[in-house]
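A short worksheet on the structure shown next.
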Amino acid sequence: MVYNPHEVEKKWQKFWVENRSFEPEENSEKEKKYVLSMFPYPSGRIHMGHVRNYTIGDAFARHYRQKGFNVLHPIGWDSFGMPAENAAIKNRVHPKKWTYENIDYMRKELQSLGLSFSKDREFATSDVEYTKFEQEFIIELWNRKILYKKRANLNWCPHDLTILANEQVIDGKCWRCDTEIVQKEMEQYYLRITDYTEELLGDLEKLPNWPSQVRIMQENWIGKSKGLKFRFKLEEKVGEIDNFSVFTTRPDTIFGVTYTALAPEHPIVSELLDTLPEEKRAWIERVRNTSNRERAMMDKEGIELGIFAKHPLTKESIPVWVANFVLIDYGSGAVMAVPAHDERDFEFAEKYGVEKVAVVFPKSGELPKDKAFTEDGILQNSGDFSGLTSSVARESIISHFEANALGEGVENYKLRDWGISRQRYWGAPIPLVHCDSCGTVPETNLPVALPDDVEITGEGNPLEKHPTWKHTTCPVCGEDAVRETDTLDTFVQSSWYQFHYTAKNPKEEAIGDTKYWGGVDHYIGGIEHAILHLLYARFFTKLLRDMGRVEISEPFNHLLTQGMVLKDGAKMSKSKGNTVDPDAIISEYGADTARLFILFTAPPTKELEWNDRGVDGAFKFLKRFVAKSENVDEVSEIPKFGELSKEEKFARRKVYEALNRADEVFGKSHTFNTLIAGVMEAINGLEKQQNRDIWTEGYWVLLNILEPIVPHIATELSEKFFGRRNFGIISTPEGVLEKDEISLGVSVNGKKRGEISVSPDTSKEEILKVAKETVHKWLDGKNIIKEIVVPNRLVNLVVK
RNA sequence: GCGGACGUGGUGAAAUUGGUAGACACGCCAGACUUAGGAUCUGGUGCCUCACGGUGUGAAGGUUCAAGUCCUUUCGUCCGCACCA
């Protein structure tokens, strides 16, 4: 038989579509498996990263179907977002048209890979039905006060009249028009993710099947730190304000405070602004207009406000500064500064000649002169706390503050509330209406759909500029009112899409039977989503749970983060010109070759270096495998065997070892490369013998193993020889894995000196006898002082 | 700076978790069969050595009968976060 991938692949892809082969069963008694690869953004064409992502997921899905599970393996489209608007600007094509044409094209591309997706459950997040369900959630979140409005500083491009995300600001300039970005205070919508901080942090421990790397990244992102929060009383009131609070993780250094510093946005600064000399005011304004990211690159700078606060313990007078390194949205936007024990404070104090007071000293050695001593040590010059170690002092000082009502031990987090409004057209409208008499109220007539007749120029928000869209009536009082023109961050859509797939009709139901389908059993995607998407989806799951919509707290039971696909050592990208087009590979070699290469070349979590020769090797393997079918007979069950030769037994053993490895690989290690290697070993074993029954049995089993990996050719061969009866659970015959003879390495003093072959039931004494004969040359004239026999492994003789 | 991962042949990688290092492939070498086929098949292939043998998992130590695997130090590569008080 000659391998003709294109014919075979076309045939089975057609068959699968016509037979609706991959729809999950309803009301099934079977155990479920939910396999999901992260859905793609419909950018136009699939790339090798997609091929890898969906091949891995498909292998899981097909494996579990064979094992008798009811498998949900869906696909959808993350179809809102900026690229559609950029395409609209560049090519004067409507975002909707561009998006849905891309989806149609990419759907065909994915189909050509033979992926076993449910057709019924496919949807795009820009579908108006999806928008409607999402808006219902958003309104409930608004009513529950999880969604709220607040003013905040944002990156504003004065030319394009739009807010930019941090990653769209390049060197302080707009990525599109190169205009200097300013910070603009605007009203934005936020989701109160900080209400769930502790749960998001604590539940990471309930995710043992997530890579620890991802859990650690989320933990760092949440950024919990423990410390002391206390107030500095101002010596004179500023307006109505007579104090400000600070947070420190180093209460043990509190006697070393020589100044305090406020963020430029701090209320005290705003209150004093008009009274300050022109140059100081200008400096504050300038820093306020600088993004956090840029502030981080600036030198430490500040100005003295001319006001003083009282140290809570020493009662000394402490000057109050404004500094560019103090962030308004962490802690309370103010810090106590200890230049002797903090690098930033040190740098600042050096620059402005502020005094440094050392209060923590190293347990051994000298205090450094040219830098801050930031490690723990022993306290001195610290009143009653002198002599304590830093860690003890931290506890005692916090207790002292609490006992005297001066402050309290608190936990602080880096995680901020999630800003979800975007001033863009191609997104889900926030379904709120602003009414002069009723305030901001939810729209009752959902969905709030996007208007089609828009002009997209990149300047301003097209919804804002639309002549009629935003004008509506108040759903409460019926008077004229204005729609919210912000749309939702696209991460909102991808935070709950995994539940939408459980709906058997995605147009009618937001969420289906999650009692049955529960969380995703295998979630596969790129490590680049380690924080944002995966954190937001975890958050949204908890929200939906609290709204009574799902029964679970975590959406993804098992997470597999795939490595990147590289070419010539670098990530494939158009700008580098090192891309490999999946369509070209499929038309040259077929989908099965592409799938086999991708799974064989590297374990899925590692980077995969694309290698044309390797692809060729995968193709050759399939060709050779198909050619070997000449040794196989058509049967409807596995042949039975009597006495077998050594080679025949070896071949059978290799075949069943591969079968057992399949369970290990799909269930635990996910190293498909070793599974394929096992299949290759089995074929090499089969080739060393001529028994047609052994070949037939081997083919029966190996096709079963290979079907999740190379489904088209495996199904074709299975149909031809076995009527596809071999796609199910195959048990391992008793004794087939046993060896007649085992080989043991023989070492003397840990160095390998020989090898022996014995039958597995050979006694330890006999093994030692043979071993000693084999390596007698190394034993002559020496005394054996220890004999170690490791069953099935080796013999080690220790001599002197 | 902080956090994490990883260093094994010419290349991609294995190694049942402390037990015969380099499975399985790619490449390369030799041969066979062919005559234009994406060829195929057989054998060989860590390094040094004609060989006996020696040596070998980034480097250096250590623990152990035994270390790619555990510990210490060190060098290098990659990733994430980064003025978080």
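So you know, we letter chains A, B, ... as the sequences are listed, proteins then strands, and number each from 1. In what follows, every heavy atom counts, from backbone to side chain, and hydrogens, waters and symmetry copies are set aside.
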Provide the distance between the two C1' atoms, one in B/rG3 and one in B/rU20, to the nearest whole Å.
-> 39 Å
Base partner of B/rG10, which must satisfy Watson-Crick or wobble distances under 3.5 Å | B/rC26
Identify, between A/D329 and A/E609, the residue whose nearest nucleotide on RNA chain B lies closer to the 5' end.
-> A/E609
Looking at B/rG19, B/rA85, B/rG4, which one has an atom nearest to any side-chain atom of A/I216?
-> B/rG4
Counting side-chain heavy atoms from C-beta on, which of B/rG19, B/rC84, B/rG12 comes nearest to A/L327?
-> B/rC84
In terms of heavy-atom contacts, A/I767 and A/V795 come closest through CG2-CG2, 3.6 Å
Under 4.0 angstrom, heavy atoms only, what part of the nucleic acid is A/N412 near: base, sugar-phosphate, or nothing?
-> nothing
For A/R661, answer base if it contacts any base atom (sugar-phosphate contacts may also be present), sugar-phosphate if it contacts only those atoms, and nothing otherwise; contact means non-hydrogen atoms under 4.0 Å.
-> nothing
Quick one: which of B/rA13, B/rG4, B/rC81 gets closest to the side chain of A/W221?
-> B/rC81
Rounded C1' spacing from B/rA59 to B/rC75 in Å = 7 Å
B/rU57 versus B/rU11 - spacing of their P atoms, nearest Å = 16 Å
Rounding to the closest angstrom, what is the interatomic distance between B/rC48 and B/rG9 at atom C1'?
-> 14 Å
Please state the P separation for the pair B/rG19 and B/rG4 - nearest whole angstrom.
-> 26 Å
Partner of A/Y3 under ring-ring contact (aromatic ring centres under 6.0 Å, His included), chosen from A/F619, A/F625, A/F621 = A/F619
Taking atom P in both B/rG46 and B/rA23, compute the distance separating them and give it to the nearest angstrom.
-> 8 Å
Measure the OG1-CZ distance between A/T601 and A/R52 for me, rounded to the nearest 0.5 Å.
-> 9.0 Å
C1' atom, B/rG18 versus B/rC70: distance in rounded Å?
-> 8 Å
Of A/I318, A/V338, A/V354, which meets side-chain contact (heavy atoms from CB on, under 4.5 Å) against A/T258?
-> A/V354
